[in-house]
There are 2 protein chains.
Amino acid sequence: MSPQEQAETGPQTPVQSVWTRPRAGREQPALSRDQIVAEALRLLDSDGIDALSMRKLGTRLGAGATSLYRHVANKDELIELAIDEIYGEIEIPRSTDPATWRADATGCAQSLRATMLRHPWIASVLGEMGMSYLGPNAMRLAEFLLALFTRAGLPTAEADQAASTLVAYVTGMATSEAAYLNVLARSGHTEQQYVESLWPTAEQAAESYPHLREGYAEQRGKDPRTARDENFQYGLDRVLDGLETRIIH
Amino acid sequence: MSPQEQAETGPQTPVQSVWTRPRAGREQPALSRDQIVAEALRLLDSDGIDALSMRKLGTRLGAGATSLYRHVANKDELIELAIDEIYGEIEIPRSTDPATWRADATGCAQSLRATMLRHPWIASVLGEMGMSYLGPNAMRLAEFLLALFTRAGLPTAEADQAASTLVAYVTGMATSEAAYLNVLARSGHTEQQYVESLWPTAEQAAESYPHLREGYAEQRGKDPRTARDENFQYGLDRVLDGLETRIIH
DNA sequence: CGGCGATGCGCACACTGTACGCAAGAGAGA
DNA sequence: TCTCTCTTGCGTACAGTGTGCGCATCGCCG
């Protein structure tokens with residue numbers, strides 16, 4: 001008797017068998033918050049923010065959708081946990097030398113950007129998650145930057161402003177890059193192909209804007225990936241230049 | 001015979017009357033794309049991004065939900081139109097004097113921030129809308145900044161990078177502020193009340209981070225609104241300082 | 001063994017975006 | 001004036017969504 005035939009006896013009189021009867025003991029190490037967040041991250045990274053639904057996540061974990069709510073208050077909280085998880089990927093220099101503040105800040109900023117671009121879906125949620133900066137990993141980053149600028153010689157209040165400035169620049173830049181990577185991913189093309197296919201539209205939109213047209217013309221033919229890297233680095237250097245004027249007297 | 005009684009005759013034999021019979025001629029000036037975007041903006045500004053649904057929007061316009069699709073391809077496109085609409089609110093200085101580039105950039109940056117904070121829901125969508133910078137008003141802003149830095153003496157390619165840097169800083173700062181304003185609005189309290197109620201949580205989260213604790217202690221008691229304004233201005237000045245090093249030789 | 005708290009899950013509800021096809025008005029041509 | 005096409009509105013329907021509720025079952029503790 002196959003399992004199918006058993007199933008066909010109908011739901012009124014469910015026939016118990018090895019296949020249908022739940023095993024003694026929880027079969028899985030059960031569900032845990034960490035496991036849920038980890039799987040959510042996998043789903044987000046591979047398919048983007050729209051692909052994350054509680055049902056799909058539950059299925060992936062071999063669980064029902066509503067089981068997740070025993071470990072997580074709601075979807076937003078799950079996303080905040082995921083956000084802090086990726087904050088944890090940011091490399092924070094171990095240096096405590098005041099003289100290397102600029103190199104340390106540069107490394108941290110580059111790592112922050114790289115992390116955001118590795119998980120471009122965060123761009124879609126940073127704007128609605130007001131509390132994400134309270135997560136432990138986010139605080140670790142804030143503490144590091146605050147210490148860095150304090151060591152470099154700024155008073156506490158100004159060190160805070162300097163850190164905000166740096167983070168605002170990096171997240172601003174990375175957010176717009178990530179938004180672009182999101183639509184790029186949806187297009188299914190390579191970055192080269194996508195940029196090429198976008199040219200006519202962009203040129204038409206810039207028709208009556210001479211400076212924009214010239215800017216476009218100048219960028220055409222460049223490798224878009226390295227152009228993005230250079231743009232980021234240019235702005236980062238300028239921001240640090242600006243902060244440096246307040247550090248070196 | 002009241003309209004209700006007529007209605008109770010059932011859907012099989014609908015009784016026509018003055019009340020139920022459609023009027024001759026389109027009663028309304030019909031639906032237009034501009035009208036739809038305008039009403040969407042009202043809804044977004046008053047109730048936030050989650051409150052925008054096609055059905056609710058249709059009802060507000062006295063139309064069915066799916067009628068909107070005659071004028072707008074889908075919800076995302078509607079939001080892109082709304083975004084560009086608010087880009088149109090940004091004040092762009094008319095000056096063409098190279099000497100005032102810094103004042104002009106400051107004014108434009110402040111207006112960009114103010115506009116984003118007046119419509120905090122854009123923070124929730126900037127990260128998913130990759131094409132919003134192709135809208136006419138967004139291009140107008142880009143053209144202005146490009147012209148500004150070109151006039152100030154930068155070559156085209158660098159003027160482009162300078163404009164990106166400035167915009168990244170402003171949007172980064174405004175995005176995190178807007179995210180905060182979003183949760184503030186949901187809390188239903190004033191900013192003062194909200195900050196006060198957040199203190200214990202924040203202090204607990206910062207427990208093992210000495211610099212953060214000191215930073216918090218220093219900010220306590222300040223008016224949060226003016227503190228935000230000052231933080232923004234500080235970073236803006238630093239970013240412009242950094243760009244200035246490339247302009248003045 | 002008895003019960004108790006923690007956990008998983010089926011069901012249900014209210015709601016979402018939007019594809020499809022019908023109907024009715026507007027304008028054009030005969 | 002009659003018809004024929006094009007545009008516009010909308011009712012219905014489908015395949016989802018987040019999540020509240022209550023039941024069944026587990027491991028553990030007395």
Side-chain angles (χ1 to χ4, degrees), chain A residues 7 10-12 14 16 20-37 39-40 43-44 47-82 121 124-125 128-129 186, chain B residues 7 10-12 14 16 20-37 39-40 43-44 47-82 121 124-125 128-129 186:
Chain A
Q12 287 82 358
Q16 296 291 346
T20 66
R21 186 170 27 241
R23 279 193 221 163
R26 296 276 150 98
E27 357 194 342
Q28 296 293 337
L31 233 39
S32 83
R33 169 181 283 201
D34 289 346
Q35 212 180 3
I36 293 172
V37 173
E39 190 64 41
L43 193 49
L44 286 166
D47 295 346
I49 190 73
D50 292 340
L52 179 65
S53 82
M54 299 305 269
R55 285 181 234 268
K56 213 178 303 189
L57 185 56
T59 309
R60 280 219 188 190
L61 289 161
T66 59
S67 306
L68 309 174
Y69 285 88
R70 294 284 173 193
H71 305 270
V72 151
N74 49 38
K75 193 183 180 184
D76 281 0
E77 184 181 302
L78 171 61
I79 292 179
E80 290 209 55
L81 289 170
W121 51 269
S124 333
V125 295
E128 3 196 19
M129 299 288 130
R186 267 196 284 275
Chain B
Q12 286 84 356
Q16 297 290 347
T20 66
R21 186 169 29 240
R23 279 193 220 162
R26 295 275 151 100
E27 353 194 345
Q28 294 294 336
L31 232 40
S32 83
R33 171 181 280 203
D34 288 346
Q35 212 181 2
I36 292 172
V37 174
E39 190 63 40
L43 193 49
L44 285 166
D47 296 347
I49 190 73
D50 292 339
L52 179 66
S53 83
M54 300 305 270
R55 284 180 235 266
K56 212 178 302 189
L57 186 55
T59 309
R60 281 219 187 189
L61 289 161
T66 58
S67 307
L68 310 174
Y69 285 88
R70 294 283 173 194
H71 302 90
V72 151
N74 50 39
K75 193 184 178 182
D76 281 0
E77 184 181 301
L78 171 60
I79 292 179
E80 290 210 54
L81 289 171
W121 51 268
S124 334
V125 296
E128 1 195 20
M129 299 288 129
R186 268 197 282 276

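Residue numbers start from 1 in every chain, and the chains themselves are labelled A, B, ... in the order their sequence lines are given, proteins ahead of strands. Heavy-atom basis, side chains included; hydrogens, waters and symmetry copies ignored.
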Given the rule in the side-chain contact (heavy atoms from CB on, under 4.5 Å) test, do A/Arg186 and A/Asp50 qualify, once you have shown the distances and angles that lead to the verdict?
CA-CA 11 Å; A/Arg186 267 196 284 275; A/Asp50 292 340; 4.2 Å; yes
Which of these nucleotides, C/dC9, D/dG9, D/dT17, is closest to any side-chain atom of B/Leu31?
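Of C/dC9, D/dG9, D/dT17, D/dG9 is nearest to the side chain of B/Leu31.
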Looking only at the side chain of B/Arg70 (C-beta and beyond, no hydrogens), which of the listed nucleotides C/dG17, D/dC10, D/dG18 gets closest?
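Side chain of B/Arg70 sits closest to D/dC10.
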Gap between atoms [atom1] and [atom2], on [X] and [N] respectively (whole Å):
X       : N      : atom1 : atom2 : answer
B/Ile49 : C/dT16 : CD1   : P     : 13 Å
B/Leu68 : D/dG11 : CG    : P     : 12 Å
B/Met54 : D/dA15 : CE    : C1'   : 18 Å
B/Asn74 : C/dA19 : CG    : P     : 8 Å
A/His71 : C/dG8  : NE2   : C1'   : 8 Å
B/Leu61 : D/dG9  : CG    : P     : 10 Å
A/Lys75 : C/dC15 : NZ    : P     : 18 Å
A/Tyr69 : D/dC21 : OH    : P     : 13 Å

A/Arg33/A/Glu77 salt bridge by N-O under 4.0 Å criterion
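Looking at A/Glu77 and A/Arg33, the cut-off is met.
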Take B/Leu31 and B/Arg70 through the side-chain contact (heavy atoms from CB on, under 4.5 Å) test and state the conclusion after the steps.
CA-CA 9 Å; B/Leu31 232 40; B/Arg70 294 283 173 194; over 6 Å; no
So A/Ile79 and A/Ile49, do their side chains get closer than 4.5 Å, heavy atoms only?
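Yes. Closest side-chain heavy atoms under 4.5 Å.
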Keeping the roles fixed (side chain from A/Arg55, backbone from A/Ala65), state whether a donor-acceptor pair exists under 3.5 Å.
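No: the side chain of A/Arg55 does not pair with the backbone of A/Ala65.
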Would you say the side chain of [X] and the base of [N] hold a donor-acceptor pair, judged only by whether the two atoms sit under 3.5 Å apart?
X       : N      : answer
A/Ser53 : D/dG18 : no
B/Arg55 : C/dG17 : yes
A/Thr66 : C/dG8  : no

Check the phosphate of D/dT8 against B/Ser67, side-chain N and O only, distance under 4.0 Å to OP1 or OP2. Yes or no?
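No, no such contact exists.
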Heavy atoms only, 4.0 Å cut-off, all strands: where does A/Leu57 land among base, sugar-phosphate and nothing?
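Counting heavy atoms under 4.0 Å across all strands, no contact is made by A/Leu57.
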